[in-house]
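Input: a single structure, listed below in structure tokens.
Sequence lines set the chain letters: A, B, ... in the order given, protein chains first and strands last, and positions in each chain run from 1.
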Protein chains: 2
Amino acid sequence: MSKFSATQRRLAAIATVLPPGATPEGSRGVILGEALRLFAEHGYGGASIRDIAKLAGIKGASVYSHYPSKAHVLAELIRIGHEEHLRRIRSALLAASPEPRLQLIAVVRAHVLAHADYPMLAVVSNAELHALPSEFAAPILELRRQSELLLLEVIRRGESLGAFKVADTELALLAIGAMGLRVAHWYTPELDKTPEQIADAYGDFACRIVGAMN
Amino acid sequence: MSKFSATQRRLAAIATVLPPGATPEGSRGVILGEALRLFAEHGYGGASIRDIAKLAGIKGASVYSHYPSKAHVLAELIRIGHEEHLRRIRSALLAASPEPRLQLIAVVRAHVLAHADYPMLAVVSNAELHALPSEFAAPILELRRQSELLLLEVIRRGESLGAFKVADTELALLAIGAMGLRVAHWYTPELDKTPEQIADAYGDFACRIVGAMN
DNA sequence: ATCGTAGGCTAACGATCGTTCGTATGTCAA
DNA sequence: TTGACATACGAACGATCGTTAGCCTACGAT
């Protein structure tokens, strides 16, 4: 383990943890939470099983009573992160008025809020995806594809209804996605902006990018 | 080293290498280039000195004839990445007409092109910054601050001249920066979009975000 | 002609890695 | 009361890590 704290160069918040419904109880949950902290701060390769175990109050060998390998721990974290992300976008879209502009705002707000509410989970889900053994990657990438598809469909619908004016749909999609992704790296509760304010601003940015009339 | 290729989950391009002026000659340069490839694909912790040496055609111990440590190799890569980035933004701004809108387009274009021209360097400079020992980090973070400041000043000047209408300057800055950052993760020369097209589109997006009149 | 240096090499160091093994302890159902 | 199961443990495995030491060789300058 490194002798320096590099948190500030990776994510700003030491905020709490995992989505309520998704966290297992007992040691399984504690291991998951502490692994998340360490993976977010030092990366998958920079955090050892023994480091995780120590924070969880057990010994390294005991981790294997709960998870078959270190990769399984990472896989579960990334799965939780992507499922929470998709779940939020889905329900936001379901609750939104059918106007294209309001749909876009709803999706972008959900996207941003997911990254501000669980910054560590978002950082690990995105930045450590490359460390995930390929046998675990397929279902994750499918979740990712579905989230992206929802945003894409909202933009396309807005275009075909004449509500949006986009030069390049795909680039707009990528740009809007990227804006939100990055929030996890700098958001902290100590900021003078609430997640709501950020979500509102980014929703507005997205509307401007796609040329949404209002 | 892992037994799977995770390139697609981290960056799309296997493009070539380092900025022309910045690459040392001889083994020093070869080591730097191969280290960049491996750090981009597997992360700093996922690439060993022996892996780098093997690709460079030498043995692990010989790396230490050229660099005092693995961290020094990473530090040099990240320094090159950030210096190239700042250099491009500076010169783009210097060559731009003084109209705020054109200045913003120039800076965003330079930002995007830096990430599309050297995707591996950009990925390592951003995603592996947290792996850099803190004694190396300070000058890097200063470069980063300067690049950010240039964009911020362009936006602020546009606002005060009444050319831009931004609700939250800081959020606009972060959003525009994030858009460009992410390009390095998906751009590949095999795409049906040239870096120029992407830069143009993103320049336009940035103008829309800050409400630049045209 | 010689010598210093640059840049390779093999070998090995101690540390740490993910993981396995065998065992002990506590809890709860039969 | 017994026995099975879940959860913890210490110890150790082989592999790999970053790094160092010592040696060899080719070559350019004196």
Side-chain angles (χ1 to χ4, degrees), chain A residues 1-4 6 23-39 41-78 124 128 130-137, chain B residues 1-4 6 23-39 41-78 124 128 130-137:
Chain A
M1 177 73 81
S2 58
K3 28 195 171 322
F4 56 90
T23 316
E25 47 188 31
S27 285
R28 255 187 90 89
V30 177
I31 291 169
L32 212 57
E34 301 303 332
L36 174 56
R37 248 185 264 279
L38 287 174
F39 291 164
E41 199 165 322
H42 305 290
Y44 179 72
S48 74
I49 288 281
R50 290 174 178 84
D51 292 330
I52 298 167
K54 176 165 288 184
L55 286 187
I58 58 177
K59 301 296 178 180
S62 306
V63 171
Y64 291 85
S65 298
H66 302 279
Y67 294 95
S69 78
K70 188 187 175 189
H72 280 80
V73 177
L74 177 64
E76 177 132 344
L77 283 171
I78 297 187
V124 169
E128 303 300 331
H130 75 106
L132 200 64
S134 46
E135 59 265 28
F136 295 98
Chain B
M1 176 74 84
S2 58
K3 27 199 172 314
F4 56 89
T23 316
E25 46 187 30
S27 286
R28 255 187 90 89
V30 177
I31 291 169
L32 213 56
E34 302 303 332
L36 174 56
R37 247 186 264 280
L38 288 174
F39 290 164
E41 201 167 320
H42 305 290
Y44 178 73
S48 74
I49 287 280
R50 289 172 178 86
D51 293 330
I52 298 167
K54 176 165 286 183
L55 286 187
I58 58 178
K59 301 297 177 179
S62 305
V63 171
Y64 292 85
S65 298
H66 302 280
Y67 294 94
S69 79
K70 189 187 175 190
H72 281 81
V73 178
L74 177 64
E76 177 132 344
L77 284 171
I78 297 187
V124 170
E128 303 300 332
H130 74 106
L132 199 63
S134 47
E135 59 264 31
F136 295 98

Inset, instruction - Keeping the roles fixed (side chain from B/Tyr44, backbone from B/Ala71), state whether a donor-acceptor pair exists under 3.5 Å. - result: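 Judged by distance alone, yes, a pair lies under 3.5 Å.
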Taking all non-hydrogen atoms of both residues into account, name the closest pair between [X] and [Y] and its distance.
{"X": "A/Val63", "Y": "A/Ala53", "answer": "CG2-CB, 3.8 Å"}
{"X": "A/Asp51", "Y": "A/Gly46", "answer": "OD2-O, 4.4 Å"}
{"X": "A/Val124", "Y": "A/Leu74", "answer": "CG1-CD1, 3.8 Å"}
{"X": "A/Ala47", "Y": "A/Leu38", "answer": "CB-CB, 3.7 Å"}

Taking atom [atom2] of [N] as reference, at what distance in whole Å does atom [atom1] of [X] sit?
{"X": "B/Ile49", "N": "D/dA15", "atom1": "CD1", "atom2": "P", "answer": "22 Å"}
{"X": "B/Leu38", "N": "D/dC17", "atom1": "CG", "atom2": "C1'", "answer": "15 Å"}
{"X": "B/Tyr67", "N": "C/dA6", "atom1": "OH", "atom2": "P", "answer": "16 Å"}
{"X": "B/Lys70", "N": "C/dA15", "atom1": "NZ", "atom2": "P", "answer": "19 Å"}
{"X": "B/Glu25", "N": "C/dG7", "atom1": "CD", "atom2": "C1'", "answer": "14 Å"}
{"X": "B/Ile31", "N": "C/dG7", "atom1": "CD1", "atom2": "P", "answer": "10 Å"}
{"X": "A/His42", "N": "C/dC17", "atom1": "NE2", "atom2": "C1'", "answer": "16 Å"}

Legend entry - Sequence neighbours excluded, every pair satisfying side chain to side chain donor-acceptor pair (under 3.5 Å) that has a member inside residues 56-72 of chain B: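 Sorted pair list: B/Ser69-B/His72.
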Inset, instruction - Identify, between B/Ser27 and B/Arg50, the residue whose nearest nucleotide on DNA chain C lies closer to the 5' end. - result: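 The residue whose closest nucleotide sits nearer the 5' end is B/Ser27.
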Inset, instruction - Strictly below 4.0 Å, heavy-atom distances to any atom of DNA chain C: list the hits from residues 53-66 of chain B, or just say none. - result: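 Per residue number, the list reads B/Ile58, B/Lys59, B/Ala61, B/Ser62, B/Ser65, B/His66.
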Legend entry - Spacing of CG belonging to B/Leu36 relative to CD belonging to B/Glu76, to within rounding of 0.5 Å: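 If we round to the nearest 0.5 Å, B/Leu36:CG and B/Glu76:CD are 11.5 Å apart.
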Legend entry - Gap between atom CD of B/Glu34 and atom NZ of B/Lys54 - 0.5 Å precision: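 Rounded to the nearest 0.5 Å, the NZ-CD separation comes to 13.0 Å.
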Inset, instruction - Check whether any side-chain heavy atom of A/Ile31 lies under 4.5 Å from a side-chain heavy atom of A/Ile58, and answer yes or no. - result: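 Result yes, sub-4.5 Å side-chain heavy-atom pair found.
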Legend entry - Overall bend - the helix from C/dA1-D/dT30 to C/dA30-D/dT1, comparing terminal axes fitted on five pairs, nearest 10 degrees: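 Answer rounded to 10°: the end axes differ by 0°.
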